[in-house]
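Counting starts at 1 for both ligands and their atoms, in listed order. All values derive from a computational prediction rather than experimental measurement. Basis for what follows: all heavy atoms, side chains included, without hydrogens, waters or symmetry-related copies.
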Amino acid sequence: SNMVDGMLGLQQSERELAQILNIDRCFIISGDSDHQDRVLDGMGTILNDTLAKMLPEGNNVIVVMGGNTMAQVAKEFSPELSTKRQLTFVPGRGGMGQSIAMQANTVCSIMAERTHGESQSMYVPEKLSEKSYQPLLEEPSVQLVLQLIEQSNVVIHGIGRADEMAERREVDPKILHLLQKKEAVGEAFGCFYNQQGEIVYRVPRIGLQFERINSIDHVLAVAGGHTKAQAIRSYMKLAPHQTYLVTDEGAANLILKK
Ligand code: F6P
């Protein structure tokens, strides 16, 4: 009965969290992904099961963002997701310059492989000069991905801490200074935001533009660990209402002040 109590307690917390964050739904995996990697597996399984229940039959175009969380949860996707569905995974943005394992392109191909679906890559470097940008935009392969993004009905994304993401993205010292001055706490979709959920800086990039997610049917955010509590809470102030959050107790308990 302890386990049943535990489960009911978690379900109660999930409802409270969704209410506080003002979004449709939350899932909380027990543990803290900052300390235990297996928590990410649990988040991946819940994400897979949730998609299996909610995606419509037929064609689904799923926009996918990068990051370590996304790369880890992708491994839990299963072929059942493709039952009565054709899935196409597309990266929301171009490459990240450094770690290939965390790129949206890589996450897409893992998801496609696990579900027996399809994926499309976008080869655009993270840092691009003004004059290289325009011709790349006209590349047929880039155009194809941009069209798929336009048709998408699902987006799955991570949420990061502003300090970590500024470091990972190797932003210029000038921008770093701005982020500090404006007290950025988090980053998602290339947008840095402050505690109140106001966007303070956007990384200019080809691909999904943040405002577009308001009109996407299913938006799934995946982020956990106590160190991300603030970044998650503030992001949800600008997230569309149809967002589902998959998180863990590490983050949830801090947001719920438990
Ligand atoms: O760079 C892509 C991205 O999804 C960011 O928008 C987000 O802040 C970050 O990755 C999360 O990365 P991680 O899961 O490694 O913390």
Contact check, side chains of Ser152 and Val90, non-hydrogen atoms, under 4.5 Å: no

Close side-chain approach of Leu47 to Phe77, heavy-atom, < 4.5 Å: yes

Short N or O distance, Met70 and ligand 1, threshold 3.5 Å exclusive: no

Nitrogen or oxygen of Glu164 less than 3.5 angstrom from that of ligand 1: no

Near [X], which atoms of ligand 1 are under 4.0 Å from a heavy atom of that residue?
X: Gly160; value: 7 (C), 8 (O)
X: Lys228; value: 13 (P), 14 (O), 16 (O)
X: Ala188; value: 6 (O)
X: Phe189; value: 6 (O)

Tell me, please: is [X] in heavy-atom contact with ligand 1, that is, under 4.0 Å?
X: Arg93; answer: no
X: Arg161; answer: no
X: Arg169; answer: yes
X: Met165; answer: yes

Residues His218 and Asn153: side-chain donor-acceptor under 3.5 angstrom: no

Side-chain donor-acceptor pair present, Gln134, Lys131, cut-off under 3.5 Å: no

All side-chain hydrogen bond (donor to acceptor under 3.5 Å, both in side chains) counterparts of Gln120, not counting sequence neighbours: none

Qualifying side-chain hydrogen bond (donor to acceptor under 3.5 Å, both in side chains) pairs, either residue in residues 229-239, two or more places apart: Gln230-Ser234

Residue selection (non-hydrogen contact nearest atom 13 (P) of ligand 1) among Ile159, Val203, Val73, Asn68: Asn68

Options Pro91, Gly66, Gly67, ranked by nearest heavy atom to atom 4 (O) of ligand 1, top entry: Gly66

Glu198/Asn194 under side chain to side chain donor-acceptor pair (under 3.5 Å): CA gap, chis, key distance, verdict: CA-CA 6 Å; Glu198 295 155 351; Asn194 64 15; 2.8 Å; yes

Asp163 and Arg161 ion-paired at < 4.0 Å: yes

